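Down below is the structure, laid out as structure tokens.
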Amino acid sequence: MIQITLPDGSIKEFPKGTTPYEVAVSISEGLARNVLAAQLGDHVVGLATPITENTSLVLYTWNDTDGKDVFWHTSAHIMAAAIEQLYPGVKFGIGPAIENGFYYDIDFMNYTISSDDFPAIEAKMQEIIAQRPKLVKREVSKKEALDYFTQKGDEYKIELIRDLEDGTITFYESGHFVDLCRGPHLFDTAPIKAVKLLNTAGAYWRGDEKRKQLTRIYGITFPKKKELDEYLTLLEEAKKRDHRKLGKEMELFTFSQKVGAGLPIWLPKGTALRERLENFLKKVQKQYGYQQVMCPHIGNVELYKTSGHYQKYGADSFRPITTPQEGEEFFLKPMNCPHHCEIYASKPRSYRDLPLRLAEFGTVYRYEQSGELHGLTRVRGFTQDDAHIFCTPDQLKEEFCKVIDIILYIFKVLDFKDFIAQVSLRDPDNKEKYIGSDENWMKAEAAIIEAAAERGLNTTVVKGEAAFYGPKLDFMVKDAIGRKWQLGTVQVDYNLPERFELEYVSPDQQKLRPVMIHRAPFGSMERFVAVLLEHTAGEFPLWLTPDQVIILPISEKYQEYALKVKALLEEQEVRTLIDERSEKAGRKIRDAEISKIPFMLIVGEKEEESNMISVREHGVGDLGSMSVDGFVSLLQQKIKQELN
RNA sequence: GCCGUUGUAGCUCAGUGGUAGAGCACUUCCUUGGUAAGGAAGGGGUCACGAGUUCAACUCUCGUCAAUGGCUCCA
């Protein structure tokens with residue numbers, strides 16, 4: 001007999017060789033019906049794995065990430081099996097489960113695949129699933145594995161096997177399909193009830209752009225048809241929140257082929273929105289002791305040679321521009337920090353001047369690969385809410401903490417609850433990618449980790465994601481369709497002060513080097529507006545929204561009264577429109593609701609006589625009638641709450 | 001940059017080898033109304049751009065540009 005410890009702490013005895021499925025059966029019929037995978041000790045395993053020693057056991061269902069992983073991993077195999085039947089001779093790369101579904105990278109040889117082929121593949125998958133094949137694990141020797149795939153002619157699997165240790169190689173067989181796979185898998189295909197292939201894309205073999213590009217097919221499966229329908233509805237809903245669509249509808253920004261790819265042009269409403277965001281941040285920064293500065297949009301090549309950006313990015317930047325007579329080279333500004341270093345260097349600095357916090361809404365230009373451009377989130381010209389803090393090494397942690405405070409305050413005001421704080425360190429195996437001494441890197445990395453801990457941030461640490469000059473703390477949020485975008489960033493930098501030979505005089509008359517913090521709470525105005533649009537579905541907070549109030553006269557007879565109300569509101573800086581069309585009230589209300597304006601004021605005979613307004617709140621309904629003054633104080637109170 | 005898809009009116013989209021259509025929006029007129037669509041008429045498109053095939057190209061072929069889903073990249 002063996003002892004199995006369940007998650008509730010209870011210990012049960014079973015005969016040696018009992019499987020997780022049998023344990024599930026012993027617990028309840030419902031669990032046995034829903035269980036997908038299990039975890040023995042630290043390992044996720046299939047349900048048919050015999051348990052041979054005392055261990056802990058967790059049973060996973062669809063409600064667990066690990067259960068879904070196994071479910072989708074098996075689904076990827078089924079897709080591969082279907083594709084192999086439909087397109088004999090294709091070669092398979094890898095096919096893992098991902099956050100929402102799975103994919104398989106496939107070399108389709110001479111076939112070309114598009115989404116038009118999906119229904120046939122889905123049908124074949126359903127056919128295979130209906131046969132209910134078991135997924136049978138088989139341990140094979142390295143030689144046997146190599147022989148199998150050599151005979152099959154699949155060089156991708158051969159390459160994968162070469163990297164594996166003999167004795168750890170397993171195949172999974174489902175019907176006629178055999179795949180190299182670590183597992184685990186579902187016991188059989190019975191739980192898979194709904195199948196949908198989503199899209200196709202190119203993907204380099206092993207993520208290396210120098211190697212062959214395979215065709216990646218993304219798909220998702222569910223244990224219930226209804227869940228698939230809900231997921232597809234969710235995707236549809238997400239599309240409605242897409243900032244590219246909303247930005248166009250709300251007339252915030254646009255793009256023009258003539259202006260150029262990746263160069264957003266801001267329309268009046270979008271510009272006003274951006275300015276409100278900027279003023280909001282300026283006000284916060286002023287409280288934290290920042291000073292605003294301004295710099296030109298170009299800088300002499302020497303500036304970037306000094307900073308190190310030229311060596312690192314010169315070849316991949318917009319080509320330099322030159323003066324016609326002297327041939328002097330200038331780069332479009334890709335970063336604000338070198339300019340800010342020169343501001344620091346513009347006069348001798350004492351320890352009394354530190355921390356020196358220089359802030360600029362600096363527009364920068366970077367050459368992004370054409371395939372990378374995406375709405376406002378990835379562009380070639382954008383404005384950073386940048387600032388550089390020059391401080392003594394002793395002040396570093398406190399300054400870092402204050403920056404985190406600013407970012408957290410902004411996220412709170414704008415209701416970003418669901419963010420990821422990521423500490424990006426350098427790749428210890430690839431140090432030549434970075435500039436600066438080991439010692440400084442270690443100091444910088446320690447400072448970030450300590451500051452984040454001090455502010456109670458729940459961080460994830462990723463090696464190899466640091467900037468080339470220093471480690472960073474990034475704040476990321478997800479967009480409408482679940483893609484992660486980096487917003488706020490805080491970076492420690494010992495290198496630029498050194499390269500620019502920045503100094504301050506210490507109390508004992510020594511010349512010492514300051515430390516620098518780069519930070520941008522929004523990241524870029526463009527990306528932040530994009531993410532905010534998707535986050536709010538275009539229903540911005542009252543203080544930020546382009547139009548706060550629209551007046552809807554019942555008929556043209558009340559136009560004059562509407563104008564009077566508008567004037568009163570504008571005196572109080574309330575952003576107000578009038579719907580002057582000769583339409584019925586119902587129509588005006590409908591259009592105002594669709595345009596997401598927070599408040600509608602209905603004015604007609606009653607209101608004019610009593611010198612009142614009828615207020616309707618977007619998405620809420622009729623709030624009854626009140627005086628203009630009463631309405632203004634309602635707005636002011638609401639805004640105060642939002643900014644609190 | 002690479003692989004795939006797409007490009008027709010301001011927006012969303014139909015469409016055919018014989019130089020174009022719908023709904024919404026817009027303009028004008030009628031209507032003067034009370035909390036999610038009143039009615040009528042009208043204007044608006046070198047069918048992304050450039051070549052080629054053809055008697056004839058918006059339609060077929062090639063190229064360019066742009067957008068888009070990924071991959072790689074991201075100071």
Side-chain angles (χ1 to χ4, degrees), chain A residues 103 105 108 112-117 198-218 242 244-245 248-249 251 254-262 304 307-314 316-317 333-338 364 366-375 377-380 384 386 435 465-470 472 481 483 485-486 489 491 493 495-496 518 552-559 581-595 600-607 614-625:
Chain A
Y103 66 78
D105 285 348
F108 272 96
T112 47
I113 291 295
S114 76
S115 54
D116 295 343
D117 303 304
L198 297 169
N199 51 39
T200 151
Y204 298 107
W205 171 236
R206 306 203 114 179
D208 184 344
E209 64 181 319
K210 292 183 187 67
R211 305 197 63 178
K212 178 153 183 178
Q213 193 157 41
L214 308 180
T215 303
R216 175 172 296 180
I217 299 182
Y218 287 90
D242 191 312
R244 294 165 296 189
K245 180 178 150 65
K248 191 182 274 178
E249 282 172 9
E251 298 181 5
T254 187
F255 288 89
S256 145
Q257 281 200 27
K258 283 206 183 86
V259 172
Y304 303 107
S307 71
H309 290 103
Y310 179 85
Q311 294 84 326
K312 184 81 183 167
Y313 292 103
D316 297 321
S317 295
K333 182 169 71 171
M335 286 290 284
N336 302 302
C337 35
V364 296
R366 297 177 183 177
Y367 173 77
E368 303 288 359
Q369 296 186 88
S370 56
E372 258 321 315
L373 302 176
H374 179 94
T377 50
R378 196 75 189 268
V379 289
R380 287 177 172 164
Q384 294 179 313
D386 211 357
I435 59 174
E465 287 292 308
F468 75 96
Y469 52 77
K472 53 184 185 165
I481 18 184
R483 284 180 294 212
W485 294 101
Q486 180 209 301
T489 180
Q491 315 180 353
D493 186 353
N495 293 301
L496 277 187
H518 307 241
L552 312 178
I554 290 291
S555 83
E556 284 166 15
K557 284 187 237 160
Y558 312 105
Q559 207 76 261
R581 297 174 303 168
S582 61
E583 291 291 348
K584 290 189 180 179
R587 178 55 183 273
K588 292 184 180 182
I589 287 167
R590 178 186 148 81
D591 290 345
E593 287 282 356
I594 289 170
S595 66
M600 287 150 266
L601 305 183
I602 291 109
V603 295
E605 192 180 0
K606 275 189 307 196
E607 289 76 14
S614 284
V615 181
R616 181 187 163 103
E617 188 172 357
H618 168 72
V620 176
D622 195 352
L623 300 186
S625 66

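Every chain is numbered from 1 and lettered A, B, ... according to where its sequence line falls, protein lines coming before strand lines. The structure presented is a predicted model; accordingly, all values stated were derived computationally and were not measured.
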>> Nearest whole Å is fine: how far is B/C3 C1' from A/Asn199 CG?
In response: 13 Å
>> If you apply the rule side chain to side chain contact (heavy atoms under 4.5 Å, CB included), what do you find for A/Tyr204 with A/Lys210, and how did you get there?
In response: CA-CA 8 Å; A/Tyr204 298 107; A/Lys210 292 183 187 67; over 6 Å; no
>> For B/U53, give the paired nucleotide (Watson-Crick: N1-N3 plus N6-O4 or O6-N4; G-U: N1-O2 and O6-N3; both under 3.5 Å), or none.
In response: none
>> For a quick check, tell me whether the side chain of A/Arg216 and the base of B/C3 share a donor-acceptor pair closer than 3.5 Å.
In response: no
> For B/C47, which nucleotide is its Watson-Crick or G-U wobble mate, given both distances must be under 3.5 Å?
Replying inline: none
>> What's A/Gly262 touching, base or sugar-phosphate or nothing? Going by heavy atoms closer than 4.0 Å.
In response: sugar-phosphate
>> Looking only at the side chain of A/Ile554 (C-beta and beyond, no hydrogens), which of the listed nucleotides B/G70, B/G34, B/A75 gets closest?
In response: B/G34
>> Could you check whether the side chain of A/Arg590 and the base of B/A37 have a donor-acceptor pair of N or O atoms closer than 3.5 Å, going by distance alone?
In response: yes
> With sugar-phosphate meaning primed atoms plus P, OP1 and OP2, does A/Gln486 contact a base, only sugar-phosphate, or nothing at under 4.0 Å between heavy atoms?
Replying inline: nothing
>> Considering every strand and a 4.0 Å limit on heavy-atom distances, what is the contact class for A/Ala203: base, sugar-phosphate, or nothing?
In response: sugar-phosphate
> NA contact type, A/Phe255, heavy-atom cut-off 4.0 Å: base, sugar-phosphate, or nothing?
Replying inline: nothing
>> With rounding to the closest Å, how many angstrom separate the C1' atoms on B/A14 and B/G4?
In response: 24 Å
>> Using a 4.0 Å heavy-atom cut-off, does A/Glu249 contact any base of the nucleic acid, only the sugar-phosphate backbone, or nothing at all?
In response: nothing
> Between B/U5 atom P and A/Asp116 atom CG, what is the distance in whole Å?
Replying inline: 9 Å
>> Tell me which nucleotide, if any, is Watson-Crick or G-U wobble paired with B/U59 when both distances must be under 3.5 Å.
In response: none
> To the side chain of A/Lys248, which of B/U35, B/C3, B/C11 is closest?
Replying inline: B/C11
>> Can you tell me the base-pairing partner of B/G7? Count Watson-Crick or G-U wobble geometry only, both distances below 3.5 Å, and say none if there is no partner.
In response: B/C65
> Roughly how many Å is it from CD in A/Gln369 to C1' in B/C2, rounded to a whole number?
Replying inline: 9 Å
> Taking atom C1' in both B/A20 and B/C13, what distance in whole Å separates the two?
Replying inline: 14 Å
> Which part of the nucleic acid does A/Gly371 contact within heavy-atom distance under 4.0 Å: base, sugar-phosphate only, or nothing?
Replying inline: base
> From the list B/U31, B/U35, B/U5, which nucleotide is the closest neighbour of the side chain of A/Ser114?
Replying inline: B/U5
> Is there a donor and acceptor pair closer than 3.5 Å between the side chain of A/Glu368 and the base of B/C74?
Replying inline: no
>> Between B/A57 and B/G18, how many Å separate the two C1' atoms, rounded to a whole number?
In response: 10 Å
> For the residue pair A/Arg587 and A/Arg581, what are the closest heavy atoms and their distance?
Replying inline: O-NH2, 4.4 Å
>> I'd like the P distance from B/C58 over to B/C47, given in whole Å.
In response: 6 Å
> Which part of the nucleic acid does A/Thr215 contact within heavy-atom distance under 4.0 Å: base, sugar-phosphate only, or nothing?
Replying inline: nothing
>> When the P atoms of B/A25 and B/G10 are compared, how many Å lie between them, rounded to an integer?
In response: 16 Å
>> Between A/Asp242 and A/Arg244, does the salt bridge (Lys or Arg N to Asp or Glu O under 4.0 Å) criterion hold? Intermediate values first, please.
In response: CA-CA 5 Å; A/Asp242 191 312; A/Arg244 294 165 296 189; 2.5 Å; yes
> Quick one: is B/G33 close enough that its OP1 or OP2 comes under 4.0 Å of any side-chain N or O from A/Lys557?
Replying inline: yes
>> Expressed as a whole number of angstroms, how long is the span from A/Gln311:CD to B/A75:P?
In response: 16 Å
> At under 4.0 Å between heavy atoms, what does A/Gly375 touch on the DNA or RNA strands: base, sugar-phosphate, or nothing?
Replying inline: sugar-phosphate
> For B/A22, which nucleotide is its Watson-Crick or G-U wobble mate, given both distances must be under 3.5 Å?
Replying inline: B/U12
>> Categorize A/Gln559 for me: base, sugar-phosphate, or nothing, with a 4.0 angstrom heavy-atom threshold over every strand shown.
In response: nothing
>> Once you apply a heavy-atom cut-off of 4.0 Å, does A/Leu373 come out as touching a base, just sugar-phosphate, or nothing?
In response: sugar-phosphate
>> Determine whether a donor-acceptor pair (one donor, one acceptor, N or O, separation below 3.5 Å) exists between the side chain of A/Tyr204 and the base of B/G1.
In response: yes
> If you measure from the Lys or Arg side-chain nitrogens to the Asp or Glu carboxylate oxygens, is any gap between A/Arg616 and A/Glu593 under 4.0 Å?
Replying inline: yes
> Hey, is the side chain of A/Arg244 poking within less than 4.0 Å of OP1 or OP2 on B/U68, counting only N and O atoms?
Replying inline: yes
>> Rounding to an integer number of angstrom, what distance separates B/U59 and B/G7 when you compare their P atoms?
In response: 12 Å
> Whole Å only: how far is the CG atom of A/Asp242 from the P atom of B/U68?
Replying inline: 9 Å
> With both distances under 3.5 Å as the test, what is the Watson-Crick or G-U wobble partner of B/A40?
Replying inline: B/U28
>> Please give the distance between the P atoms of B/G63 and B/U5 as a whole number of Å.
In response: 13 Å
> Paired with B/C73: which nucleotide, if any, by Watson-Crick or G-U wobble criteria at under 3.5 Å for both distances?
Replying inline: none
> Looking for any heavy atom pair under 4.0 Å, which part of the strands does A/Lys210 touch: base, sugar-phosphate only, or nothing?
Replying inline: nothing
>> Counting the atoms with a prime plus P, OP1 and OP2 as sugar-phosphate, which does A/Gly207 contact under 4.0 Å by heavy atoms, base, sugar-phosphate, or nothing?
In response: sugar-phosphate
> Mind checking the C1' distance from B/U46 to B/G42? Whole angstroms is fine.
Replying inline: 24 Å
>> Between the base of B/A75 and the ring of A/Tyr313 - centre-to-centre under 5.5 Å, planes within under 30° - is that a stack?
In response: yes
> So, A/Ser614 versus A/Glu607: side-chain donor-acceptor pair below 3.5 Å or not?
Replying inline: yes
> Roughly how many Å is it from CZ in A/Arg581 to C1' in B/A36, rounded to a whole number?
Replying inline: 12 Å
>> Mind checking if A/His374 touches a base, just sugar-phosphate, or nothing, with heavy atoms under 4.0 Å?
In response: sugar-phosphate
> Base, sugar-phosphate, or nothing: which does A/Arg378 touch, judged by heavy atoms less than 4.0 Å apart?
Replying inline: base
> When only distance counts, do a donor and an acceptor, one from the side chain of A/Glu607 and one from the base of B/G34, lie under 3.5 Å apart?
Replying inline: yes
